[in-house]
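Computed from a predicted structure; not experimentally measured. These numbers come from the heavy atoms of this one structure, side chains and all, not from hydrogens, waters or symmetry mates. Just so it is clear: chains get the letters A, B, ... in the order the sequence lines come, proteins before strands, and each one is counted from 1.
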Amino acid sequence: MVPSAAEAPSPTEYIVHHITYLTNEAPRGVVDFSVVNYDSVFFSILLAVAFGGFFYVAARRATAGVPGRFQGFVEWVVEWVDSQVKDAFSGKSRLIAPLALTIFCWVLLFNLMDLIPIDLLPDAARGTGLGHLRDVPSTDLNVVFGLSLTVFALVLYYGVKMKGLGGFVGEFALNPFKSRNVVLQALYVPVNLIMEVPSFLARPVSLALRLYGNIYAGEMVFALLALLTLSRGFAALASPTGWLFIVVQAALGVIWSLFDAFIALLQAFIFMILTIIYLSQACEHH
Amino acid sequence: MNINLTLIIQMIVFVLLVGFVMRWVWPNILRAVDERTRKIALGLAAAEKGQQDLAQAEQRSDAVLREARERAHQIVEQAQRRANEMIEHARSSASAEGQRLLTAAQQQIELEAAQARDSLRKDVAQLAIDTASKLLEREIDARAHADLIDKLAARI
């Protein structure tokens with residue numbers, strides 16, 4: 001990362017630098033809507049364009065004839081997502097399947113950004129005068145909550161639309177404890193609400209934090225591996241011990257990259273499946 | 001680590017992206033897939049129908065072939081029967097003709113033999129008369145003794 005040992009940052013400096021966003025101004029407090037994370041927005045939109053463009057070209061070229069490899073791949077992904085949606089969701093909806101496809105592909109691309117060598121893009125950004133750069137959007141709470149809250153809003157919308165406001169609220173008030181006795185049921189209602197409402201409200205939080213936590217942890221491991229050779233810089237090339245550290249870091253990096261690619265796929269899949277399940281629950285009558 | 005405007009931007013981008021996929025990507029790809037599925041189903045059905053047609057045609061050609069073979073067999077049999085009849089006929093007519101010729105020849109022979117016997121008888125009678133007249137040295141009136149000669153000839 002740095003040319004010589006003398007200029008090397010301390011491990012703390014390195015990691016703090018690495019987890020600082022490129023913002024328009026320093027945030028004041030935990031919630032500050034005057035701040036924008038340029039890096040997250042940039043990479044999020046870039047990957048959205050990449051995904052959208054790739055699939056748009058495939059959709060434009062899609063024919064019912066013999067498919068080429070490109071079309072075959074895209075159709076394979078689309079049909080796989082479609083089958084996942086059909087397995088979990090019995091009703092008909094024009095929204096859920098495209099939503100699931102978007103979530104899966106977009107989140108997967110977010111997560112795979114983790115596999116780009118950790119200092120490559122930040123150092124390139126420094127070359128153009130940008131002090132900080134975080135290139136993995138799913139390690140930004142704003143991004144993951146942006147996804148999960150949108151899904152949550154859709155769950156509310158579909159729940160009220162399919163069941164009516166009364167039916168939607170009734171599901172919280174009348175489950176899991178129910179009775180034919182009206183008095184007894186009236187006593188159950190508060191208990192039910194206390195149990196069900198927090199668990200419902202916890203959904204978008206858990207959905208976002210599960211993704212965030214996994215990918216953030218993966219990124220941290222790459223940062224910690226980078227610390228192995230951090231203080232030595234190019235001086236490491238001059239000593240056998242330095243070479244040993246380089247080899248160890250490279251080997252561990254390869255192993256962790258393979259594991260992290262698996263995590264990336266798994267978390268994208270989980271996010272998609274949970275979205276489908278939440279939406280299908282919102283649409284189903286009990 | 002804070003919540004900021006990025007959240008709102010992310011939600012907007014997300015909604016736009018989902019709308020884009022819903023409008024321009026998903027239906028097109030699925031339509032192509034469904035269309036191909038339909039085509040493949042049609043193709044398979046056509047192939048099956050073709051096979052059925054082929055089987056039917058084979059059955060028909062088998063039937064035609066069998067019939068033709070039977071016909072040929074019948075014709076050959078008929079021809080043989082007819083040839084046998086003709087041979088039989090020829091043989092029977094030939095034997096009848098032979099019989100007829102034989103009978104005619106026998107009749108001829110008998111006739112000639114009778115004639116010969118007759119003339120021989122007459123010759124013998126004449127000879128006997130000649131001999132007798134020479135012996136008696138007198139003319140026997142042939143006419144007067146014709147009756148006697150005839151009786152003599154009949155006895156011989």
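- Contact count against chain B (heavy-atom pairs under 4.5 Å) is highest for A:Val30 among A:Thr23, A:Val30, A:Val57, A:Val31.
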Q.
Quick one, B:Val18 with A:Leu95, criterion side chain to side chain contact (heavy atoms under 4.5 Å, CB included). Give me CA distance, side-chain angles, the key distance, then yes/no.
A. CA-CA 8 Å; B:Val18 171; A:Leu95 173 71; 3.9 Å; yes

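- The structure places CD of A:Gln71 at 5.0 Å from CZ of B:Arg36, a figure rounded to the nearest 0.5 Å.
- The distance from atom CD1 of A:Ile96 to atom CE of B:Met22, rounded to the nearest 0.5 Å, is 10.5 Å.
- When each of A:Tyr56, A:Phe51, A:Phe55 is checked for a ring-ring contact (aromatic ring centres under 6.0 Å, His included) with B:Phe20, only A:Tyr56 meets the rule.
- A:Leu141 CG to B:Leu7 CG: the interatomic distance, rounded to the nearest 0.5 Å, is 9.5 Å.
- Residues A:Ser44 and B:Gln10 bring a donor and an acceptor atom of their side chains to less than 3.5 Å of each other.
- For the residue pair A:Val151 and B:Phe14, the shortest heavy atom distance occurs at CG2-CE2, 4.3 Å.
- Residues A:Asn37 and B:Thr6 share a closest heavy-atom pair of N-OG1, 2.8 Å.
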Q: With side chain to side chain contact (heavy atoms under 4.5 Å, CB included) as the test, would you mind laying out the steps for A:Val36 and B:Ile9 before giving the verdict?
A: CA-CA 9 Å; A:Val36 179; B:Ile9 297 174; 3.9 Å; yes

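- Among A:Val143, A:Thr150, A:Ile45, the single residue meeting the side chain to side chain contact (heavy atoms under 4.5 Å, CB included) criterion with B:Val13 is A:Ile45.
- Heavy-atom distances place the side chain of B:Ile8, and not its backbone, under 4.5 Å from chain A.
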